[in-house]
Peer 1: 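One structure follows; several queries about it will come next.
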Amino acid sequence: ATSDRTVESKNELLALKFLREAIKAQNPDDQVMADFAEYVLPCLLLITIGVTAKGGKFFDELDQKNEAEGKDKVRRDNATDQSLNTHLLNGLFPANLIERRLQNLDTTVKRLVRERERRLVIAGFILHDFEKFPDIPGNCRKLSLEAHRQIIDEKVRQLGLDYFISPEAPEAYGEYLDDLLCMAYN
């Protein structure tokens, strides 16, 4: 008999394979996206499996607020939520496509985003919902700046963003920790 976890693992591997193929097909000769598929995508899929984009606490918090105000619970029959990894990838891929197309436009305004900046922006985007990752406390936005630095530092390493930002020197991401935190906030 196959356990649920074995089936889930096979589905994860299949999803990873298909997403890597799609990234390669849509981004030929793009080392930044190839590195994203290599270093970040497997970690992202593993960590965000079963995590909802609204953090899984969204409706519970609404219900608590409504209960305190003497109101009914929120109806959930039309309140579907997507997974966190779907939310992140659905934002990343179009944004990457727009950035790449802007590079090729013949305009009077020079739009030049170098590889390092692309990597940092993509990493910042992946981190923008850092409070929704399953191991982050629900009240994390109220924590100190130093606590946020620690969270972002951990997430960078956990998601493979250190290797994505600087494949030849993964420890170099530390130089950009506050930049990543700023992007994650915004």
Side-chain angles (χ1 to χ4, degrees), residues 5-53 55 82-104 111-136 140 147-186:
R5 184 65 201 154
T6 303
V7 171
E8 198 171 276
S9 294
K10 288 179 182 177
N11 288 338
E12 288 171 32
L13 292 174
L14 193 57
L16 177 60
K17 178 183 178 205
F18 287 144
L19 283 168
R20 280 183 167 161
E21 288 174 3
I23 289 169
K24 185 176 182 180
Q26 292 299 311
N27 302 279
D29 304 318
D30 184 346
Q31 191 59 49
V32 171
M33 291 307 290
D35 285 349
F36 178 84
E38 176 69 22
Y39 298 119
V40 181
L41 189 60
C43 299
L44 182 67
L45 293 178
L46 181 66
I47 292 166
T48 59
I49 193 157
V51 178
T52 63
Q82 63 185 195
S83 69
L84 181 57
N85 60 20
T86 299
H87 167 69
L88 293 172
L89 296 175
N90 278 344
L92 173 64
F93 294 150
N96 181 63
L97 180 62
I98 291 167
E99 186 279 327
R100 301 301 289 160
R101 293 227 170 121
L102 284 173
Q103 287 288 327
N104 297 325
R111 292 180 175 92
L112 180 63
V113 177
R114 294 182 306 261
E115 183 176 318
R116 177 71 55 163
E117 287 81 8
R118 277 187 71 210
R119 289 175 184 274
L120 289 169
V121 167
I122 289 170
F125 182 80
I126 294 300
L127 294 167
H128 87 272
D129 276 335
F130 69 92
E131 74 275 7
K132 295 178 183 173
F133 284 94
D135 60 336
I136 303 298
C140 81
H148 286 168
R149 278 190 187 108
Q150 290 173 359
I151 289 170
I152 294 301
D153 183 59
E154 180 181 312
K155 286 290 150 235
V156 165
R157 289 179 283 114
Q158 191 179 46
L159 291 166
L161 291 167
D162 49 349
Y163 283 88
F164 172 69
I165 291 168
S166 186
E168 64 287 342
E171 68 283 353
Y173 80 89
E175 179 180 336
Y176 304 103
L177 197 57
D178 283 347
D179 298 301
L180 293 169
L181 183 57
C182 180
M183 287 186 276
Y185 282 156
N186 296 300

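Computed from heavy atoms alone, side chains included, the values below leave out hydrogens, waters and symmetry copies.
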Peer 1: Which distance, rounded to the nearest 0.5 Å, do you find between the CG of Leu46 and the CG of Leu41?
Peer 2: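 Going from CG on Leu46 over to CG on Leu41, the span is 11.0 Å.
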Peer 1: Just wondering, more than 12 heavy atoms not from Tyr163 lying within 6.0 Å of its OH?
Peer 2: no
Peer 1: Check whether any side-chain heavy atom of Leu127 sits under 4.5 Å from a side-chain heavy atom of Met183, and report yes or no.
Peer 2: no
Peer 1: Leu19 vs Leu45, test: side-chain contact (heavy atoms from CB on, under 4.5 Å). Steps then yes/no.
Peer 2: CA-CA 10 Å; Leu19 283 168; Leu45 293 178; 4.1 Å; yes
Peer 1: Side chain of His87, backbone of Leu84: donor and acceptor closer than 3.5 Å?
Peer 2: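 No; judged by distance alone, with no hydrogens or angles, the pair does not exist.
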Peer 1: So, for Ala172 and Tyr176, which heavy atoms are closest and what is the spacing to 0.1 Å?
Peer 2: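 Between these two residues, the closest heavy atoms are O-CD1, 3.7 Å.
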Peer 1: Taking all non-hydrogen atoms of both residues into account, name the closest pair between Val156 and Tyr173 and its distance.
Peer 2: CG1-CD1, 3.5 Å
Peer 1: If I compare all heavy atoms of Tyr39 with all of Pro167, which pair ends up nearest, and what's the gap?
Peer 2: OH-CB, 4.0 Å
Peer 1: What's the verdict on salt bridge (charged side-chain N to carboxylate O under 4.0 Å, His left out) for Arg149 and Asp153, showing C-alpha distance, side-chain angles and the deciding distance?
Peer 2: CA-CA 6 Å; Arg149 278 190 187 108; Asp153 183 59; over 6 Å; no
Peer 1: With a 4.5 Å heavy-atom cut-off, do Gln158 and Asp135 have their side chains touching?
Peer 2: yes
Peer 1: With sequence neighbours excluded, give me every salt bridge (Lys or Arg N to Asp or Glu O under 4.0 Å) pair touching residues 26-39.
Peer 2: Asp30-Arg100, Asp30-Arg118, Asp35-Arg119
Peer 1: Taking atom CZ of Phe125 and atom CG of Leu120, what is their separation to the nearest 0.5 Å?
Peer 2: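 Reported to 0.5 Å precision, the distance equals 15.5 Å.
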Peer 1: Considering all heavy atoms of both residues, which atom of Pro42 and which atom of Arg20 are nearest to each other, and what is their separation?
Peer 2: CG-NH2, 3.3 Å
Peer 1: Might you work through the side-chain contact (heavy atoms from CB on, under 4.5 Å) test for Leu181 and Ile151, ending with a clear yes or no?
Peer 2: CA-CA 9 Å; Leu181 183 57; Ile151 289 170; over 6 Å; no
Peer 1: I'd like to know if the side chain of Asn27 and the backbone of Ile23 have a donor-acceptor N/O pair within less than 3.5 Å.
Peer 2: yes
Peer 1: Taking ring-ring contact (aromatic ring centres under 6.0 Å, His included) as the test, write out the residues that go with His148, two or more places apart.
Peer 2: Phe130, Tyr185
Peer 1: Tell me, which pairs form a salt bridge (Lys or Arg N to Asp or Glu O under 4.0 Å) where one or both residues lie in residues 160-174, sequence neighbours left out?
Peer 2: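 Every salt bridge (Lys or Arg N to Asp or Glu O under 4.0 Å) pair that includes a residue of residues 160-174, provided the two are not neighbours, is Arg116-Glu168.
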Peer 1: Between Lys132 and Thr48, is a side-chain contact (heavy atoms from CB on, under 4.5 Å) present by the stated rule, with each step listed?
Peer 2: CA-CA 9 Å; Lys132 295 178 183 173; Thr48 59; over 6 Å; no
Peer 1: Between atom CD of Glu21 and atom CZ of Phe18, what is the distance when rounded to the nearest 0.5 Å?
Peer 2: 6.5 Å
Peer 1: When rounded to the nearest 0.5 angstrom, what distance separates CG in Leu88 from OG in Ser83?
Peer 2: 8.5 Å
Peer 1: Under 4.5 Å between any side-chain heavy atoms of Leu44 and Leu89, yes or no?
Peer 2: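 Answer yes - side chains close enough.
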Peer 1: Any heavy-atom pair between the side chains of Arg157 and Pro170 that's under 4.5 Å?
Peer 2: no
Peer 1: For atom CD of Glu154, decide whether the heavy atoms of other residues, nucleotides or ligands shown that lie under 6.0 angstrom number more than 12.
Peer 2: yes
Peer 1: Take Phe133 and Lys155, measure what side-chain contact (heavy atoms from CB on, under 4.5 Å) needs, and give me the verdict at the end.
Peer 2: CA-CA 9 Å; Phe133 284 94; Lys155 286 290 150 235; 3.8 Å; yes
Peer 1: So how far is it from Phe36 CZ to Asn96 CG, rounded to the nearest 0.5 Å?
Peer 2: 9.5 Å
Peer 1: Name the residue from Ile126, Ile165, Leu161 that meets the side chain to side chain contact (heavy atoms under 4.5 Å, CB included) definition with Leu180.
Peer 2: Ile165
